[in-house]
Amino acid sequence: MLDKTLTPSSFETRLYEGWERSGAFAADPNSAAQPFTIMIPPPNVTGSLHMGHALTFTIQDTLIRWRRMQGRDALWQPGTDHAGIATQMVVERLLAAEGNQDRRSMGREAFLERVWQWKAESGGTITKQLRRLGASLDWPRERFTMDEGLSAAVREVFVTLHKQGLIYRDRRLVNWDPKLLTAISDLEVESREVKGSLWHLRYPVEGEPGRFLVVATTRPETMLGDTAVAVHPADARFADLIGKKLVLPLVGRSIPVVADEYSDPEKGSGAVKITPAHDFNDFEVGRRHGLPMPSVLDAEARVMLAEIAAELRAVEGVADPAFVQGLDGKDRFAARKAIVAKLEELGLIETIEPHTHQVPHGDRGGVPIEPRLTWQWYCDAGTLAKPCVEAVETGRMRFVPKQWENTFFAWMRDIQPWCVSRQLWWGHQIPAWYGPEGTIFVEKTEAEAQEAARKHFGQDVPLERDPDVLDTWFSSALWPFSTLGWPERTKEVARYYPGDVLVTGFDIIFFWVARMMMMGQHFMGGEVPFRDIYIHGLVRDEKGQKMSKSKGNVMDPLELIDAYGADALRFTICALTGPGRDVKLGRKRVEDHRSFATKLWNAARFLEMNGIAPEAAWDPAQAETPLARWVLDAANRAVAEADAALEAYRFDEYAAACYRFVWGGFCDWFIEFAKPVLNGSEGAEKAEIKGAAQHVLGVILRLLHPVMPFVTEELWDRFGYGPECSLIRAPWPQAVAVREAEAARAELDWVVALVTEVRAARAEVNVPPSVTTPLLVKDAAPESLARAARWIEAIRRLGRVTEITPLSGEAPKGVAQVVVGEATVMLPLAGVIDLGAERARLLKARGSAEGETRKIAAKLGNADFVARAPEEVVEENRERLAAAEAEIARLDAALARIAG
RNA sequence: GGGCGCUUAGCUCAGCGGUAGAGCGCUUCGUUUACACCGAAGAUGCCGGGGGUUCGAAUCCCUCAGCGCCCA
């Protein structure tokens with residue numbers, strides 16, 4: 001016997017282990033079935049399961065379970081990425097907490113060993129948590145971006161791209177994180193609004209004592225590296241200054257005034273100081289005008305004078321080398337204070353206005369990033385992006401929802417060279433070796449580099465390997481094929497590439513999607529890495545706020561699973577995942593949706609109590625009774641709706657179709673109609689209803705399995721539809737042949753309408769539930785009377801009716817009346833009903849029928865409508881008008897009967 | 001400043017040319033062989049404002065307003 005209450009925790013772990021142990025999640029490269037592949041966007045190895053994961057993995061698992069049941073050879077590739085900076089930070093923090101020596105003093109090798117040790121101990125957190133969610137990943141195939149195989153792919157790709165000229169070294173400005181001491185991607189930079197000041201500084205014009213050019217800046221400390229001041233060429237205020245020289249305050253260096261459209265006459269003073277080594281825009285201006293580009297801040301963003309020391313010059317009242325020398329080694333913010341104070345003292349500050357502006361911050365380190373001129377490795381993303389743009393334009397790859405392709409195009413068409421080197425230790429060390437005279441040898445191994453160097457120099461030379469590592473996204477970009485064994489020519493690569501769909505959030509389009517596309521197409525013969533890209537929203541809290549630790553509104557999916565079961569969480573997520581919309585999720589929503597799992601459990605329990613059990617031989621095509629045919633037909637439609645919804649990535653519609661059928665159809669009507677039969681004597685009818693019930697329960701369990709895997713598997717096993725843990729591999733339901741479905745639908749619809757009308761009338765005229773009544777039927781067609789007779793038991797039970805008889809002679813006094821199709825049904829309730837309420841009820845029904853009539857009549861009275869609208873629309877309106885008019889007539893008759 | 005999206009019942013959202021819907025909440029009633037995480041019934045809408053296209057607009061177009069996100 002099933003327990004009276006559903007307790008998900010009593011079976012979730014057991015079932016998951018059962019599936020995993022039996023190999024139910026495994027892809028089979030030798031299968032004849034058509035593959036279906038989803039590459040998990042590998043979560044960060046330092047991560048733990050949050051709501052965003054719950055959303056994305058519920059969607060992926062729903063898709064993969066559905067396709068697997070459809071008989072596809074499903075591969076859901078698991079794994080994690082090594083998350084260079086994040087992991088390095090985690091381990092460094094750990095070392096600090098343990099009171100151990102820091103990474104630099106322990107050395108690179110020992111540190112990396114410590115990272116691997118951490119990975120072995122803690123790196124599996126998220127993969128364990130994914131199991132709680134029910135994610136059916138092919139675990140034995142789990143990969144890690146730092147695995148030997150994936151590392152070999154990285155070396156192969158780097159060396160190949162280098163030989164093709166698509167990876168090169170360059171000295172340009174990068175986003176430098178002065179806390180983490182590495183270059184970071186512009187995607188790892190976030191703008192934060194900061195309240196600062198706009199300082200208006202006076203730069204003296206050379207040879208014109210007393211004349212100044214005022215520049216406005218938010219970063220006065222960078223002035224040490226100024227090499228020009230730019231004004232707009234069309235700005236009349238400064239026209240005569242163009243080409244003249246200014247004395248750079250404090251430093252004493254002479255710098256030119258240049259004309260450049262970058263300078264915005266509307267902003268600040270209209271003149272802008274140019275510091276090419278410390279600002280991206282200034283860098284471009286510097287390039288255009290051939291300006292020197294001295295750096296004045298070091299890796300840790302402290303003042304560094306080495307590149308300007310030779311040019312320090314004393315100028316009375318303007319520049320003071322001693323002061324500048326005193327800044328050497330000072331932090332950038334301390335230097336700003338000192339410089340502002342000194343300028344103020346010299347009277348070189350015109351005004352200071354409060355100014356709120358966007359300051360780029362590193363998203364990991366949290367400190368303002370510093371544009372910095374360094375040598376780095378770059379990948380020619382522009383060239384790699386072109387075929388990706390084309391693949392989306394021609395439909396070889398498809399964004400769902402489609403509008404995201406705009407975001408993608410906008411970024412891809414304007415993509416900048418991709419800085420792939422990072423000044424970290426944890427990651428794939430760049431396979432580049434430096435020889436004498438700065439020669440570079442890029443090879444897969446040190447031996448090959450040695451060999452190349454020997455060829456070049458004609459003798460063995462000492463080589464030194466580039467200490468930097470590659471951006472984590474570099475290895476993640478290879479994920480769709482490196483996980484399959486590439487560069488080996490494995491059958492997995494041949495079979496599972498390209499994937500069918502990539503599921504991810506829009507915030508990741510630039511990271512995953514774009515980079516996987518670039519590398520996938522370049523290295524896989526132009527073949528795209530996945531055909532569909534399903535973009536879901538973000539999980540927000542009930543009020544629509546982004547979840548964040550600082551706001552304290554985060555929800556823990558594991559805690560919700562503990563409280564309500566994984567199925568409830570998954571079903572909630574599916575039900576709320578509308579197209580292109582964020583998911584507002586609260587505890588209450590999960591609680592609400594849990595009741596659906598409970599409902600399913602209780603319905604199954606009822607069937608079990610009535611001795612309903614799987615009968616594999618039962619043939620739905622032989623069903624004779626209208627009820628069996630009706631429920632089989634409704635199940636067919638539910639399956640069709642679910643399929644269509646899943647094909648279209650409409651998870652909300654899939655959930656709604658299941659909910660409607662299971663609750664609104666199977667439980668509310670089928671089970672209720674079945675009760676009298678199940679209660680009655682054994683015989684063909686009872687056998688058939690039991691047959692239909694077990695058949696449809698089997699359909700329901702399979703239909704719901706992708707979204708509610710645990711409770712469906714538990715019920716499947718307990719009922720004995722198959723061996724333990726076999727639902728996951730059971731065939732997806734298909735429509736069955738139902739004879740005369742149309743007639744069954746008409747019959748049941750009529751009974752439902754009768755019961756509903758009778759219930760409504762009783763409720764509205766305040767008939768106590770304890771009172772039962774006969775029904776007197778007037779003007780009923782013989783078919784209606786026959787139906788009433790066939791369904792009398794169900795109608796008795798559901799409508800609190802005693803018997804149904806045709807009305808003979810006059811209607812009794814004190815009746816409540818309802819209209820069902822052509823018939824008027826009376827409930828003789830003299831002395832019980834409130835006649836006033838009954839009259840009001842009938843008038844209200846008449847009112848709405850009349851409103852309907854007026855609307856349709858007006859439409860049909862419009863000659864243009866009749867002439868131009870499609871014939872079937874006109875015909876449909878004529879029918880509706882006739883029906884509404886007939887209903888008014890019957891209601892009028894009913895009103896007349898109670899009038900006296 | 002550029003781009004995208006949203007605005008439909010109290011709340012969360014579907015519908016996107018032809019009868020305005022769902023779930024939750026609310027009100028009333030209810031211990032009938034599953035289920036109170038339940039059952040029955042009921043109320044609630046100028047489909048953001050304005051203009052246009054059309055026989056017909058929540059749905060298509062224009063415009064305005066408010067909200068959100070992304071990129072500068």
Side-chain angles (χ1 to χ4, degrees), chain A residues 2 4-6 186-187 191 280-281 358 401 403-407 409-411 414 506-507 509-510 537-538 540 542-546 564-565 568 572 575-586 588-589 591-610 650 652-653 655-656 659-660 663-664 667-668 671-672 674-676 678-679 755-770 772 796-800 841 844 848 851-852 855-856 858-870 872-874 876-877 879-881 883-884:
Chain A
L2 296 178
K4 189 162 173 0
T5 51
L6 166 63
D186 39 351
L187 295 172
S191 288
F280 287 94
N281 291 310
Q358 300 288 325
Q403 80 246 19
W404 288 111
E405 69 182 34
N406 295 326
T407 307
F409 284 144
W411 194 70
D414 185 35
F506 58 79
D507 48 335
I509 291 177
F510 307 137
L538 254 44
R540 297 171 174 280
E542 274 160 315
K543 289 178 227 135
Q545 302 270 322
K546 219 165 163 172
Y564 305 110
T572 308
L576 300 180
T577 300
R581 228 181 227 279
D582 287 346
V583 178
K584 285 187 204 166
L585 198 63
K588 180 70 168 49
R589 303 234 162 267
E591 194 179 322
D592 289 345
H593 286 87
R594 168 186 55 168
S595 52
F596 181 60
T598 310
K599 186 76 179 175
L600 173 67
W601 181 263
N602 283 312
R605 197 165 148 264
F606 174 79
L607 299 190
E608 186 192 40
M609 282 164 47
N610 281 276
R650 285 299 303 267
D652 55 339
E653 286 184 355
Y659 189 101
R660 255 195 318 272
W663 202 313
C667 293
D668 284 352
I671 288 183
E672 294 306 328
K675 279 177 182 173
L678 295 172
N679 228 2
V755 169
T756 304
E757 287 294 337
V758 169
R759 280 170 168 174
R762 289 176 54 103
E764 282 187 61
V765 298
N766 305 316
V767 181
S770 55
T772 57
R796 269 186 185 134
R797 172 190 295 275
L798 302 178
R800 312 207 58 76
R841 199 183 65 82
K844 193 179 156 215
S848 69
E852 175 85 351
K855 247 163 69 179
I856 306 168
K859 213 177 225 193
L860 287 167
N862 181 342
D864 278 335
F865 172 73
V866 178
R868 300 197 178 197
E872 54 287 9
V873 173
V874 176
E876 188 192 314
N877 275 281
E879 282 164 19
R880 277 173 47 212
L881 180 62

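Reminder, nothing fancy here: chain letters follow the sequence lines and each chain counts from 1. Excluded from the calculations below are hydrogen atoms, water molecules and symmetry mates; all remaining heavy atoms, backbone and side chain alike, are included.
Remark: K675(A) qualifies as a cation-pi partner of F606(A) under the 6.0 Å distance and 45° angle criteria applied to the six-membered ring.
Picking from G42(B), U19(B), C38(B) the nucleotide with the shortest atom distance to the side chain of W663(A) gives C38(B). In this structure, the nucleotide among U32(B), A34(B), C37(B) sitting nearest to the side chain of R797(A) is U32(B). Which of G42(B), C13(B), A40(B) sits closest to the side chain of K584(A) comes down to C13(B). The side chain of D652(A) approaches A14(B) more closely than any other nucleotide in the set A34(B), C29(B), A14(B). Checked against G18(B), G23(B), A40(B), the side chain of V873(A) finds its nearest nucleotide in G18(B). Comparing U19(B), G5(B), C38(B) by their nearest atom to the side chain of E852(A) picks out U19(B). Closest approach to the R800(A) side chain among G23(B), A40(B), U32(B) is made by U32(B) (side chain taken as heavy atoms from C-beta onward). In the set A40(B), A34(B), G42(B), A40(B) carries the atom at the smallest distance from any side-chain atom of R759(A). Closest approach to the F606(A) side chain among A40(B), U19(B), A34(B) is made by A34(B) (side chain taken as heavy atoms from C-beta onward). If you check A34(B), C37(B), G18(B) against the side chain of A869(A), the one that comes closest is G18(B).
Looking at every heavy atom in both residues, V866(A) comes nearest to L860(A) through CG2-O, 3.3 Å. When all heavy atoms are compared, the tightest approach of R589(A) to L576(A) is CD-CD1, 3.5 Å. The two atoms that bring A568(A) and T572(A) nearest to each other are O-OG1, 2.6 Å, heavy atoms only.
Here P870(A) lies in heavy-atom contact (under 4.0 Å) with a base. The residue A603(A) sits close to a base: some heavy atom pair falls under 4.0 Å. Using a 4.0 Å heavy-atom criterion, one finds that R650(A) contacts the sugar-phosphate atoms exclusively. Residue E672(A) is classed as a base contact, given a heavy-atom separation below 4.0 Å to a base. As judged by a 4.0 angstrom heavy-atom cut-off over every strand, K675(A) is placed among the base-contacting residues.
Taking atom C1' in both U44(B) and G25(B), the straight-line distance is 12 Å, to the nearest Å. Nucleotides A22(B) and A9(B) are separated by 13 Å at their P atoms, to the nearest Å. Comparing C64(B) with G3(B), their P atoms are spaced 13 Å from each other, to the whole Å. Spacing of C1' atoms, U7(B) relative to C47(B), comes out at 10 Å, to the nearest Å.
For the pair F510(A) CZ and C71(B) P, the computed distance is 6 Å after rounding to whole Å. Atom-to-atom, CZ of R762(A) to C1' of U28(B) comes out at 15 Å; the value is rounded to the nearest Å. Between the CH2 atom of W404(A) and the C1' atom of G3(B) there is a distance of 11 Å, rounded to whole Å.
Distance alone, capped at 3.5 Å, places no donor-acceptor pair between the R581(A) side chain and the G537(A) backbone.
Residue R581(A) has a polar side-chain atom (N or O) positioned under 4.0 Å from OP1 or OP2 of A14(B). Phosphate proximity of G39(B) to K599(A): present, with a side-chain N or O under 4.0 Å from OP1 or OP2. In this model, the phosphate group of A14(B) is not approached by any side-chain N or O of Y659(A) to a distance below 4.0 Å at OP1 or OP2. For the OP1/OP2 pair of C38(B) and a distance below 4.0 Å, the side-chain nitrogens and oxygens of S595(A) include at least one atom meeting the criterion.
In this entry C37(B) has no Watson-Crick or G-U wobble partner, no candidate having both defining distances under 3.5 Å. Partner assigned to C60(B) is G52(B), using Watson-Crick or G-U wobble distances below 3.5 angstrom. The partner of C11(B), taking Watson-Crick or G-U wobble pairs whose two distances both stay under 3.5 Å, is G23(B). Checking G68(B) for Watson-Crick or G-U wobble geometry (two distances, each under 3.5 Å) identifies C4(B) as its partner.
Of the candidates N877(A), V874(A), V873(A), N877(A) is the only one forming a side chain to side chain contact (heavy atoms under 4.5 Å, CB included) with K859(A).
Comparing E764(A) and D582(A) along RNA chain B, the residue whose closest nucleotide (by nearest heavy atom) sits nearer the 5' end is D582(A). Taking for each of A575(A) and A763(A) the nucleotide of RNA chain B with the nearest heavy atom, the 5'-most of the two is the partner of A575(A).
Using a 4.0 Å cut-off between charged side-chain N and carboxylate O, K584(A) and D582(A) make no salt bridge.
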